[in-house]
There are 2 protein chains.
Amino acid sequence: MRADAARSRRRILDAACEVFLERGPDAPLDAVVRRAGVGPATLYRRFPDREALVRALVTDLLARLTEAAEEARRAEDDPYLALRRFVHAAADLRMGAAIVVLLEHLVVDGELAAVRRGTVTAVEGLLHAARDAGRLRADVGMGDLVLLCVRLSRPLPGALAALDADGSLVHRHLDLALAGLAAAPGDQEGAPRRALGFDEVIAAAGRPGEPGPTGVAE
Amino acid sequence: MRADAARSRRRILDAACEVFLERGPDAPLDAVVRRAGVGPATLYRRFPDREALVRALVTDLLARLTEAAEEARRAEDDPYLALRRFVHAAADLRMGAAIVVLLEHLVVDGELAAVRRGTVTAVEGLLHAARDAGRLRADVGMGDLVLLCVRLSRPLPGALAALDADGSLVHRHLDLALAGLAAAPGDQEGAPRRALGFDEVIAAAGRPGEPGPTGVAE
DNA sequence: AACGAAGCGGAGAAAATCTCTCCGCCTATT
DNA sequence: AATAGGCGGAGAGATTTTCTCCGCTTCGTT
């Protein structure tokens with residue numbers, strides 16, 4: 001692949017990530033094009049339709065997340081710090097986008113499912129290690145972790161997004177939330193229900209229109 | 001006002017709240033109409049243009065928030081619990097919508113500013129009481145509180161929203177995050193920077209196009 | 001350094017979506 | 001039971017979005 005083509009491809013994927021995150025997975029591809037600073041033809045040449053773009057985006061992001069999880073495990077001795085490191089990396093990767101878009105416009109076929117399983121396994125490793133070390137509340141599951149990441153790493157709506165132009169606010173709020181997930185000395189006022197598993201998230205996300213390419217009916 | 005008209009009005013406001021929250025303040029009014037289950041004419045008769053709708057929505061929401069803050073103060077002795085009660089109430093009111101929409105499509109004129117000031121004052125009362133009682137980290141400001149509420153009370157994107165059909169997940173995650181805001185025994189790993197004030201949020205939100213009716217240029 | 005192949009952006013046609021109004025029927029209130 | 005006020009649906013016009021064709025530019029190679 002030619003160098004300029006690879007560059008365009010990456011710019012498009014990055015732009016798509018941001019745009020889908022901000023405006024939902026039905027955002028006009030035109031907006032992606034504008035954000036990427038390329039011509040429409042360039043997008044359509046590389047990705048024949050919306051699904052191809054989404055699939056590439058999600059696959060790319062999952063691979064990076066897996067890598068981030070493994071990097072975090074290697075880099076930190078304390079399992080809680082490793083988890084924390086990963087969560088921050090995931091926010092930087094705008095992990096929200098993968099999940100947002102993942103099961104809305106995509107059939108999770110064999111290949112994608114395999115990539116996803118790899119990611120989930122890697123992250124579960126971090127989570128369980130932190131929990132087993134007593135550094136994390138027992139009632140926090142993968143589902144909770146994922147959903148908190150999605151919620152906290154989404155860009156703020158509208159003009160508010162400017163508040164966090166450099167992303168430091170996201171990290172601050174992640175730290176605040178992580179402090180809430182950490183094993184606390186006992187005075188937790190509400191919360192303690194049962195942990196939310198990843199499978200439950202998947203199941204819910206697949207619901208609306210039978211895992212069809214473009215499920216979703218209002 | 002006739003009873004059926006009042007009912008329609010409320011259905012439209014509730015629908016607008018959800019739709020703006022999910023799809024941003026530029027969401028088609030058509031979508032509001034569909035969600036509300038009324039005819040288009042009903043919306044346009046009551047609210048001549050988008051701004052009228054947004055203004056009514058925001059005013060209504062701010063009034064309810066103020067009421068919720070006062071109710072929480074009355075209902076709980078412990079200031080931390082009062083704050084917690086308010087935050088949960090705010091989530092139920094989908095407080096996010098007010099902020100999302102507030103400074104994007106609206107000039108905050110005299111009347112609206114007054115209503116907003118009332119709300120901010122009431123909530124600041126709760127926050128400061130909790131902080132003075134030593135139940136809250138000192139580095140948590142109104143801005144942090146508002147932004148956490150916005151982030152956590154937004155509906156989950158796309159199909160994921162089904163996960164939290166009854167809203168119980170929001171409350172669970174709010175509790176987790178609140179635990180992070182509570183005064184902790186010292187082992188907070190990251191976070192502690194300076195508190196984010198409400199004024200900073202307002203300032204950022206007002207930025208994009210000079211407080212014009214429809215500011216915002218890409 | 002110069003050639004050929006691959007890639008790029010812009011203009012714009014066709015399709016889809018959104019805004020907003022007219023009008024005949026229905027429902028609250030007296 | 002009368003009447004004023006309200007309601008929903010159909011649809012015209014404007015706007016937005018999708019997607020393609022084509023002439024110029026850039027990359028990789030000889």
Side-chain angles (χ1 to χ4, degrees), chain A residues 1-57 101 104-106 158 209 213-218, chain B residues 1-57 100-101 104-106 158 209 212-218:
Chain A
M1 175 178 269
R2 251 172 66 170
D4 54 350
R7 204 181 320 128
S8 288
R9 187 190 142 88
R10 176 112 306 276
R11 289 172 73 180
I12 289 171
L13 285 178
D14 289 344
C17 191
E18 294 176 22
V19 169
F20 286 148
L21 215 42
E22 281 170 25
R23 318 192 16 187
D26 297 318
L29 296 186
D30 227 27
V32 174
V33 162
R34 276 195 303 274
R35 178 82 54 110
V38 303
T42 302
L43 186 151
Y44 287 103
R45 188 173 330 105
R46 201 66 52 193
F47 307 102
D49 54 23
R50 182 182 293 266
E51 204 214 303
L53 172 60
V54 168
R55 188 171 294 272
L57 173 61
V101 132
E104 192 98 355
H105 278 285
L106 227 46
T214 358
V216 192
E218 177 128 351
Chain B
M1 175 178 266
R2 248 171 67 168
D4 54 350
R7 204 181 319 129
S8 288
R9 188 188 141 89
R10 175 111 306 277
R11 289 172 73 179
I12 289 172
L13 285 177
D14 289 345
C17 191
E18 294 178 21
V19 169
F20 287 146
L21 215 42
E22 281 170 26
R23 321 197 8 193
D26 298 317
L29 296 187
D30 229 27
V32 174
V33 162
R34 275 196 302 274
R35 176 81 56 113
V38 302
T42 301
L43 185 153
Y44 287 103
R45 189 174 329 109
R46 201 67 52 193
F47 307 102
D49 53 24
R50 182 182 293 265
E51 204 216 302
L53 172 61
V54 168
R55 189 170 292 272
L57 174 62
V100 169
V101 131
E104 192 99 354
H105 277 285
L106 226 45
T214 359
V216 193
E218 177 127 352

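Order of the sequence lines fixes the chain letters, A, B, ..., with proteins taken first and strands second; residue numbering starts at 1 for each chain.
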Take atom [atom1] of [X] and atom [atom2] of [N], then tell me their distance rounded to the nearest Å.
X	N	atom1	atom2	value
L43(A)	dG7(C)	CG	P	15 Å
R23(A)	dT17(D)	CZ	C1'	11 Å
D30(B)	dG11(D)	CG	C1'	12 Å
L53(B)	dC20(C)	CG	P	12 Å
R50(B)	dC20(C)	CZ	C1'	13 Å
D49(B)	dA14(D)	CG	P	19 Å
R34(A)	dT16(D)	CZ	P	10 Å

(request) Would you tell me if any nitrogen or oxygen in the side chain of R46(A) comes within less than 4.0 Å of OP1 or OP2 on dC8(C)? (result) yes

(message) Under 4.0 Å from OP1 or OP2 of dG7(C): is there any side-chain N or O of T42(A) that close?
(response) no

(message) Heavy atoms from C-beta onward define the side chain here; which of dC19(D), dG28(D), dG6(D) lies closest to that of D4(B)?
(response)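 The listed nucleotide nearest to D4(B)'s side chain is dG6(D).
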
(message) Counting only side-chain heavy atoms from C-beta out, which of dT18(D), dA4(D), dC27(D) sits nearest to Y44(A)?
(response) dT18(D)

(request) Find the distance between CZ (F20(A)) and CG (L29(A)) and round it off to the nearest 0.5 Å. (result)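 It comes to 6.0 Å.
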
(request) To the nearest 0.5 angstrom, please state how far the CZ atom of R35(B) sits from the CZ atom of R23(B). (result)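 The CZ atom of R23(B) is 8.5 Å from CZ of R35(B), to the nearest 0.5 Å.
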
Side-chain heavy-atom pair [X], [Y] within 4.5 angstrom cut-off:
X	Y	value
T42(B)	R45(B)	yes
F47(B)	R55(B)	no
P25(B)	R50(B)	no

For residues [X] and [Y], report the shortest heavy-atom separation together with the two atoms involved.
X	Y	answer
V19(A)	A27(A)	CG1-CB, 3.6 Å
A36(A)	R11(A)	O-NH2, 3.1 Å
L13(A)	L57(A)	O-CD1, 3.6 Å
A56(A)	R9(A)	CB-NH2, 4.4 Å

(request) Quick one: do I12(A) and V33(A) satisfy side chain to side chain contact (heavy atoms under 4.5 Å, CB included)? Show the steps, please. (result) CA-CA 7 Å; I12(A) 289 171; V33(A) 162; over 6 Å; no

(message) Can a donor-acceptor pair be found, under 3.5 Å and without considering hydrogens, that links the side chain of D4(B) to the backbone of R7(B)?
(response)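 Pair absent, no side-chain N/O of D4(B) close to backbone of R7(B).
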
Please produce a list of atom pairs where a protein N or O lies less than 3.5 Å from an N or O of nucleotides 22-25 of chain C.
none

(message) Angle between the two end axes of the helix from dA1(C)-dT30(D) to dT30(C)-dA1(D), five base pairs per end, rounded to 10 degrees?
(response)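 That helix has its two terminal axes inclined by roughly 50°.
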
(message) Mind checking if L29(A) touches a base, just sugar-phosphate, or nothing, with heavy atoms under 4.0 Å?
(response) sugar-phosphate

(message) Heavy atoms only, 4.0 Å cut-off, all strands: where does P28(A) land among base, sugar-phosphate and nothing?
(response) sugar-phosphate

(message) Ignoring hydrogens and geometry beyond distance, is the side chain of R2(B) in donor-acceptor contact with the base of dT29(C) at under 3.5 Å?
(response)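 Answer is no: no donor-acceptor pair is held.
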
(request) Mind running a 4.0 Å heavy-atom check of residues 6-16 of chain B against DNA chain D and sending the residues that fall below it, in number order? (result)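 By residue number: S8(B).
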
